Amino acid sequence: MKIHEIIRTRRQALGLTQEALAEKVGVSAPAVNKWEKALNYPDITLLPILARTLGVDMNTLLSFQQDMTREDIGLFLNELPAAAQANGCDAAFALAQDKLRQFPNNDLLACGIASVLESLLTLYAKDNQTEKETHQQQINALYERAMHSSDTQIREWAAYMAAVRCIGKGDLAQAEALLEQLPDTYKDKKMLAASLRKKQGQAQQAWVLLEQELFERANGIQIVLLHMTNLALAEGNADAAKLFADTAETVKNALHFSAFSISSASLQLAMAEQDGARTLSLLEKLLGGMTRPWALNASPLYRHLPAQGSTSKVGKTLRQSLLNQMQTDPEMQFLRDTAGYEKLIEKYKS
């Protein structure tokens, strides 16, 4: 709230009339009236007295905030589209500039404002080319500032956004340079690189990058669903655990995972339920797949990727480890009385 709003709301909360507040502070009632209408401001010498009378500290009275939190920034960014819709693009830019003056060192705020204003400039295109170019220069300056931020995450975000803009404008050399600034761990780097390769006419490389991204995200979904299954089991929620495990199985099939792969969530659920036949069936599929290369490119979803899978030596080591676990792990004791257990152990031990 602004100072005039704070004076009014605090006065009312304390049950004071404008005349009563004026008397306590030592001014006239019309002076208080002007303060509350933002027609005038209290003299600087009156601020300590006014703050104590209203029961607030000086920072609150003056609306001083050391910096904006992420939540504050998110709420403010929502105000920009509303301002543009109500009063045009210029109003949003003016509101943004005012906030940047209040918090001149907040790079995260600058990044968010740049992104929103660029969208608004496209949505509410200005007929005046000169004004449009002026606004675009303001946006560019914010991106440039963000790229020199001391915050690594902000620098990377700004480089990513700048690369997206360069690809859109056809400045592919600059986009390539910006792409190289991003670490390989940056979550959307592959997607950005695929867009760039497409623009460069390198469709084969673009396909490889996109298919790798699909494969990695599919694995990520399986891991999340496994954790969700385990959490549901820990809470004793069998129905939820089954839903998560079934979903993991659906994802595995929909995204063309190997016929020899299994859903870890399904295995975890079968073991938790001590379903010997189901567990044994899944383990047999897993054991059989450990030394088979995975011909990813047999699927149309991954036709540009090479075969994957463990080498024979590594696969045999992993298989032996699993066999040992099946024979010694107390949690797998229920398996040893299941029909076909001994036969499965002998098959893969040999």
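Here the structure is a predicted model, which means the values were calculated and not measured.
Checked by atom type, the side-chain pair Glu249/Ser266 shows a donor-acceptor distance below 3.5 Å. Of the N and O atoms on the side chains of His148 and Asp107, not one donor lies less than 3.5 Å from an acceptor on the other residue. Side-chain atoms of Asp43 and Thr45 include a donor-acceptor pair closer than 3.5 Å. In summary, the side chains of Ser321 and Asn324 do not present any donor paired with an acceptor at a separation below 3.5 Å, with no hydrogens or angles considered. Between Gln136 and Asn140, the side chains place a donor N or O and an acceptor N or O closer than 3.5 Å (distance only, hydrogens not considered). A donor-acceptor contact closer than 3.5 angstrom is absent between the side chains of His4 and Glu36. Side-chain contact annotation: Gln181 with Glu156, donor-acceptor N/O pair under 3.5 Å absent.
Taking 4.5 Å as the limit, some side-chain heavy atom of Leu47 sits within range of a side-chain heavy atom of Met58. Tyr143 is listed as a side-chain neighbour of Glu118, based on a closest heavy-atom distance under 4.5 Å. Residues Leu301 and Leu296 have side chains not in contact (no heavy-atom distance under 4.5 Å, counting atoms from C-beta outward). Between Lys99 and Met68, some side-chain heavy-atom pair lies under the 4.5 Å cut-off. You'll find the side chain of Leu192 reaches within 4.5 Å of the side chain of Ile167, heavy atoms only. Under the 4.5 Å side-chain criterion, counting only non-hydrogen atoms from C-beta, Tyr160 is not in contact with Leu179. Inter-residue side-chain proximity for Ser264 and Leu225 is flagged as unmet; no heavy-atom pair is nearer than 4.5 Å. A 4.5 Å side-chain heavy-atom check between Met326 and Leu344 finds at least one atom pair inside the cut-off.
The CE atom of Met161 sits 4.5 Å away from atom OG of Ser115, with the distance rounded to the nearest 0.5 Å. We find the NZ-CD1 distance between Lys37 and Ile7 to be 14.0 Å, quoted to the nearest 0.5 Å. The distance from atom SG of Cys111 to atom CG of Leu142, rounded to the nearest 0.5 Å, is 8.5 Å. Distance CG/Asp171 to NZ/Lys199: 12.0 Å, rounded to 0.5 Å. Note: Asn33 CG to Leu21 CG = 11.5 Å, rounded to the nearest 0.5 Å. Note that the CZ atom of Arg278 and the CG atom of Leu283 stand 10.5 Å from one another [nearest 0.5 Å].
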Open item on the list: Does Val25 form a side chain to side chain contact (heavy atoms under 4.5 Å, CB included) with Trp35? I'd like the steps, not just the answer.
Closed with: CA-CA 13 Å; Val25 178; Trp35 294 347; 4.3 Å; yes
Open item on the list: Test side-chain hydrogen bond (donor to acceptor under 3.5 Å, both in side chains) on Gln200 and Glu176; report intermediate values, then the result.
Closed with: CA-CA 10 Å; Gln200 292 170 332; Glu176 190 74 62; 3.0 Å; yes
Task: Full working for side chain to side chain contact (heavy atoms under 4.5 Å, CB included) between Tyr41 and Leu46 - done: CA-CA 10 Å; Tyr41 294 98; Leu46 293 175; over 6 Å; no
Task: Asn297 vs Tyr302, side chain to side chain contact (heavy atoms under 4.5 Å, CB included): CA-CA, chis, key distance, verdict - done: CA-CA 5 Å; Asn297 51 19; Tyr302 312 108; 5.9 Å; no
- [ ] Decide side chain to side chain contact (heavy atoms under 4.5 Å, CB included) for Leu14 and Lys24; before the verdict, give the C-alpha distance in whole Å, the side-chain angles of both, and the deciding distance to 0.1 Å.
- [x] CA-CA 13 Å; Leu14 293 169; Lys24 286 177 177 291; over 6 Å; no
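Nearest approach of Leu117 to Ala96, heavy atoms of both residues: CD1-CB, 3.9 Å. The two atoms that bring Ala163 and Leu178 nearest to each other are N-CD1, 3.5 Å, heavy atoms only. Contact record, Gly288 with Tyr348: CA-OH, 3.5 Å, taken as the closest heavy-atom pair. Residues Leu16 and Ala20 approach most closely at CD2-CB, 4.1 Å, considering heavy atoms. Nearest heavy atom pair, residue Ala175 against residue Leu196, reads CB-CD1, 4.0 Å. Taking every heavy atom of both residues into account, Ser149 and Ile154 meet most closely at CB-CG2, 3.8 Å.
Classification of Lys347 and Glu284 as a salt-bridged pair holds, one side-chain N sitting under 4.0 Å from a carboxylate O. With respect to Asp90 and Lys132, no salt bridge is recorded, no charged nitrogen being found less than 4.0 Å from a carboxylate O.
Atom CD of Glu133 has more than 12 heavy atoms from other residues, nucleotides or ligands within 6.0 Å. By the 6.0 Å contact criterion, CD on Glu79 is enclosed, its count of non-hydrogen atoms from other residues, nucleotides or ligands being greater than 12. Heavy atoms from other residues, nucleotides or ligands lying under 6.0 Å from CD of Glu19 number more than 12. Shown here is Lys242, whose NZ atom has no more than 12 heavy atoms of other residues, nucleotides or ligands within 6.0 Å. No more than 12 heavy atoms of other residues, nucleotides or ligands lie within 6.0 Å of CD1 in Ile44, so this atom counts as exposed by the packing criterion.
Judged purely by atom type and a 3.5 angstrom limit, Gln18 has no side-chain atom pairing as donor or acceptor with the backbone of Val32. Looking only at distances, no side-chain donor or acceptor of Gln222 sits under 3.5 Å from a matching main-chain atom of Ala218. Not one N or O on the side chain of Thr279 forms a donor-acceptor pair closer than 3.5 Å with the backbone of Gly276. The closest donor-acceptor contact from the side chain of Thr338 to the backbone of Tyr341 lies at 3.5 Å or more, if one exists at all.
A chain of hydrophobic side-chain contacts below 4.5 Å, direct or via other Ile, Leu, Val, Met, Phe, Trp or Tyr residues, connects Ile113 to Phe103. By the criterion of side-chain heavy atoms lying less than 4.5 angstrom apart, applied directly or through intervening Ile, Leu, Val, Met, Phe, Trp or Tyr residues, Leu210 is not grouped with Leu255; the two fall into different hydrophobic clusters. Using a 4.5 Å cut-off between side-chain heavy atoms of Ile, Leu, Val, Met, Phe, Trp and Tyr, with links allowed through other members, Val251 and Leu226 fall into different hydrophobic clusters. Put simply, Leu280 and Leu269 are part of two different groups of oily side chains (I, L, V, M, F, W, Y) that touch within less than 4.5 Å, one to the next. Under the 4.5 Å side-chain contact rule for hydrophobic residues, Val224 and Ile221 share a cluster.
Ring-plane geometry between Phe257 and Phe215 is classed as tilted, the angle between the planes lying from 30 to 60 degrees on a 0 to 90 degree scale.
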